[in-house]
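Input: a single structure, listed below in structure tokens.
The structure displayed is predicted, hence computed values, not measured ones. Letters go in sequence order (proteins before strands), and every chain restarts at 1.
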Protein chains: 2
Amino acid sequence: MPRDAVITYSIKELANDFMVTARTLRHYEEQGLLSPGRQGQNRIYTVKDRARLSWILRGKRVGFSLTEIGDMLDLYNLGDGRETQVAVTKKLCRDRVDALQRQMKDIRDTIEELEGFCEEVDSLVKKKNGEWIIEG
Amino acid sequence: MPRDAVITYSIKELANDFMVTARTLRHYEEQGLLSPGRQGQNRIYTVKDRARLSWILRGKRVGFSLTEIGDMLDLYNLGDGRETQVAVTKKLCRDRVDALQRQMKDIRDTIEELEGFCEEVDSLVKKKNGEWIIEG
DNA sequence: TTTCGAATTGACGTTAACGTCAACGTTAAG
DNA sequence: CTTAACGTTGACGTTAACGTCAATTCGAAA
């Protein structure tokens, strides 16, 4: 029972919730992607850490490496509004978006190809049946 | 100059065309993804090999592993029209398509987030300028 | 107080997808 | 004939993203 009303998670809780191992969370921390607080020696994860992890995992699913994800998370840590930094950040952002859009096209094409193949298989079977071929 | 009118490619030609190394093509062959003919000792790639390679690389771009891509290419080698095999093949196909569609959603979400962040950065700068803050 | 479960920190192992390098064969040009 | 360019087969190296295991430590329950 939490003494305060602050929602936190143990490493295993968070790991289970996101279907990853505790080792994975420690690894992400080693890589600087997460930095949970400590309660004594143990890690305690907040809701913000949760959101961050969610972002990380989605990044992975779309094919980014951990270092790339780290870079993207760093973008959020601007703080200083130096004009050049802002410009750089926005360019990186747009580059990412472009890459993702190219990836979407690839996926669409692959889906089409797979569905086309699926139909091909169907018609192949029907043809066989049409010629009264019961089994190959 | 080719003696016949059959279009073929050397390993380096193909590699250059697709912006990969020769080693990569040999690696794909080791993994059974490609099986070019030989002219003496040298590999000769046909137009079919080209198409296969194109498929492989697109598969990579959408996040499949080489073994997964190999499995998918094997689907095309049905030949035997055994009913069960056909069913299995179609299920694998559909599973792939589902996975790809989930991936598309992830990508769309990520794009949204990135664009949202981009605008956030913009408004942050304008605010600063509105308050006559030239530089952070 | 002992014991148990959950967490921690090293540190080394593993897999995928190539990179890199050595040693060698072939062919066309000078 | 010899050099260069291109190709070949091992075979070992590398990086990323964790897995795995050993040796603790800590807090709560029996």
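- Checking C:dT8, D:dG7, C:dC18 against the side-chain heavy atoms of B:Y28 singles out C:dC18 as nearest.
- At least one donor-acceptor pair under 3.5 Å links the side chain of B:D49 to the backbone N or O of B:T46.
- Atom P of nucleotide D:dA17 and atom CZ of A:R26 are separated by 18 Å, given to the nearest angstrom.
- With C:dC18, D:dA17, D:dC26 as the candidates, the nucleotide lying closest to the side chain of B:K60 is C:dC18.
- Distance B:E68 CD to C:dT15 C1': 14 Å, rounded to the nearest Å.
- Distances shown here put every side-chain N or O of A:S10 at or beyond 4.0 Å from the OP1 or OP2 atom of C:dA6.
- Taking atom CZ of B:R38 as the reference point, atom P of D:dG7 lies 13 Å away to the nearest angstrom.
- Looking at the side chain of A:H27, the nearest of the listed nucleotides D:dA17, C:dA7, D:dT8 is D:dA17.
- For A:T67 and B:Y45, each mapped to the nucleotide of DNA chain D holding its nearest heavy atom, the one lying further toward the 5' end belongs to B:Y45.
- Around CD of A:E30, the count of heavy atoms belonging to other residues, nucleotides or ligands within 6.0 Å exceeds 12.
- The distance between atom CG of A:L34 and atom C1' of D:dA17, rounded to the nearest whole Å, is 14 Å.
- Rounded to an integer number of Å, the gap from A:E13 CD to C:dG5 P is 18 Å.
- When distances run from any side-chain atom of B:N42 to the nucleotides D:dT8, C:dT8, C:dC18, the shortest one goes to D:dT8.
- One can place CD of A:Q41 at 12 Å from C1' of D:dG27, the figure rounded to the nearest angstrom.
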Enumerate all atom pairs, one protein N or O and one N or O from nucleotides 19-24 of chain C, separated by less than 3.5 Å.
unit_1 : atom_1 : unit_2 : atom_2 : d
C:dG19 : OP2    : B:T21  : OG1    : 2.7
C:dG19 : N7     : B:R23  : NE     : 3.3
C:dG19 : O6     : B:R23  : NH2    : 3.2
C:dT20 : O4     : B:R23  : NE     : 3.1

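- One finds no salt bridge joining A:E112 and B:R58 here, because no Lys/Arg side-chain nitrogen approaches an Asp/Glu carboxylate oxygen to under 4.0 Å.
- Between B:R96 and A:T110 the shortest side-chain heavy-atom distance does not fall below 4.5 Å.
- For the pair B:L114/A:L100, a side-chain contact is recorded, criterion being any heavy-atom separation below 4.5 Å from C-beta on.
- With rounding to whole Å, B:F64 atom CZ is found 17 Å from C:dA16 atom C1'.
- Rounding to whole angstrom units, CD of residue A:Q31 and P of D:dC18 are separated by 9 Å.
- Salt-bridge formation is detected for the pair B:K91/B:D95: a Lys NZ or Arg NE/NH1/NH2 atom is positioned less than 4.0 Å from an Asp or Glu carboxylate oxygen.
- Residues A:D109 and B:V62 fail the side-chain proximity criterion, which asks for heavy atoms closer than 4.5 Å.
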